[in-house]
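Written out below as structure tokens is the structure these notes cover.
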Amino acid sequence: MITSFRHDEQKKKKRRKILGVVLLIALLLLSLRGPVANTLGGLLAIVGRPFWFVRDGVIEKYDTMATALSGKAALEAENVRLRATLDEVAIEAYSRETLRKENTELKEMLGRKSEYEYRLARILSAPPVSPYDTLLLDAGEEQGVFVGMQAFSQGDFKVGEVTRVWGRTALVSLYSTTNTQLAVAIGSSSIPSVAWGIGGGNLRVILPRGVAVKVGDLVSIPAIAPEYAGTVDAIDRPEGSSLEAIYIRLPFDIYKEDWLYLAVPKTITPVSAKKDNS
Amino acid sequence: MHMEQYKIKRIGLGILLVAGVFLAPYWLVIFLGAVIAIFIPYYVEFIALVVLEEVLYHSAGVAVTTMIYPLSLFAIFVILEVSRSFVRERFLRI
């Protein structure tokens, strides 16, 4: 009986030692964040691929089934609503494209031209699957993705930057990641300021009280080509304070997007220099 | 036979949690891991789970701030483990 008790105690001590060692290795691995952690991340991205593809397949199948099961009347109503929306959007898109073209032409006439090279990437994983404001993409080194590439979403919204790259996968850190800074121009008079990421897809700008900003204003990023950080979502003007906090978020849910555009960091080349080279 | 079944269950739960790292919200995976850690003694898979989430999703640029998340989870795990052992030894006499 006593022998058995001693044996159990020894077993417990051994298990606790193993647990302590595992904890220590985990802490070392995470605090150093070196090549071992990076390689492990790459391996995990490979292991995760079949899971993500199965999930996408299931979602696609479910969508098809749901469409087939929904009633004819409901589908017709949805069709009418979508057509009306499409007409509205098409008119807006036309004027937007015309203005955009004019803007680009004017900048080119003044000798400024921005050049982008885009890579399309599918989002494999986004919050809340990821505990941070990071998106995992299905394009990596093999597709020409590298650290520092800027990530854009629909409508010229710049959402983040590539911070880690593996063979066929890359990780984009959103600008809303806590303590990330982004230079922005805010309000009708384009006041230059710095937006700080506060997590959950949100950014915050602190400005002097009384600046002409209202909810819904588009917040741009100072650049040659049109780039936006989001729209003003809320303004906090505390009683008696000389400052106000402006909260910015994207006008769409980035966590539910399927695709991102990755751009090579912009190179501004004078048009005259380019002509000389050619 | 009993030991074999226990091992198979443990491996099965491990695979389920790893699949969760890729597909399920992180809070759900961590919650499930913590619940399992209450029932299974010395559940080292919980630590592995946190490490997997970290190496896959952490942003390279903000190493210092992101350490708060794994460290908190490790602390929760240690508290769970100590409390479980305490309850078993002092109250249940197992």
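Chain A is the first sequence line, chain B the second, and so forth, proteins listed ahead of strands; every chain is numbered from 1.
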*Let me see the working for A:Arg164 and B:Ser59 under side-chain contact (heavy atoms from CB on, under 4.5 Å), right down to the final yes or no.*
CA-CA 7 Å; A:Arg164 294 171 77 198; B:Ser59 168; over 6 Å; no

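For A:Arg15, the parts lying near chain B are the backbone and the side chain together; criterion is any non-hydrogen pair under 4.5 Å. Heavy atoms closer than 4.5 Å to chain A are found in the backbone of B:Val21, but not in its side chain. Proximity to chain B involves both the backbone and the side chain of A:Val47, based on heavy atoms less than 4.5 angstrom apart. The part of B:Ala24 that comes within reach of chain A is its backbone (N, CA, C, O), which places non-hydrogen atoms under 4.5 angstrom from that chain.
Ring pair A:Phe51/B:Phe22 is parallel by interplanar angle, where below 30° counts as parallel and above 60° as perpendicular.
A pairwise comparison of heavy atoms in B:Leu56 and A:Ala45 identifies CD1-N, 3.9 Å as the closest pair. Nearest approach of A:Leu44 to B:Val55, heavy atoms of both residues: CD1-CG2, 3.6 Å. Heavy-atom minimum distance, B:Ile47 versus A:Ala26: CG2-CB, 3.5 Å.
The OH atom of A:Tyr132 sits 3.0 Å away from atom CD of B:Glu54, with the distance rounded to the nearest 0.5 Å. Between the CZ atom in B:Phe77 and the CG atom in A:Leu19 there is a gap of 4.5 Å [rounded to 0.5 Å]. Within the model, atoms OH of B:Tyr57 and CG of A:Leu171 stand 9.5 Å from one another, a figure rounded to the nearest 0.5 Å.
Looking at heavy atoms from C-beta onward, B:Val78 lies in side-chain contact with A:Leu23 at the 4.5 angstrom threshold. Side-chain contact between B:Pro41 and A:Lys12: absent, with no pair of heavy atoms (C-beta onward) separated by less than 4.5 Å. Looking at heavy atoms from C-beta onward, A:Thr134 lies out of side-chain contact with B:His58 at the 4.5 angstrom threshold. Looking only at side-chain heavy atoms (C-beta outward), B:Leu71 and A:Leu27 come within less than 4.5 Å of each other. A heavy-atom distance below 4.5 Å is not found between the side chains of A:Val22 and B:Tyr42.
Counting heavy-atom pairs under 4.5 Å between each of B:Ile30, B:Leu23, B:Val51, B:Val44 and chain A puts B:Leu23 at the top. Most heavy-atom pairs under 4.5 Å with chain B, from the set A:Ser125, A:Pro127, A:Gly42, A:Ser130: that is A:Ser130.
Other residues, nucleotides and ligands contribute more than 12 heavy atoms inside 6.0 Å of the CZ atom of B:Arg84. At most 12 non-hydrogen atoms from other residues, nucleotides or ligands lie less than 6.0 angstrom from OH of A:Tyr261. Annotation: A:Phe252, atom CZ; neighbour count of heavy atoms from other residues, nucleotides and ligands within 6.0 Å is above 12.
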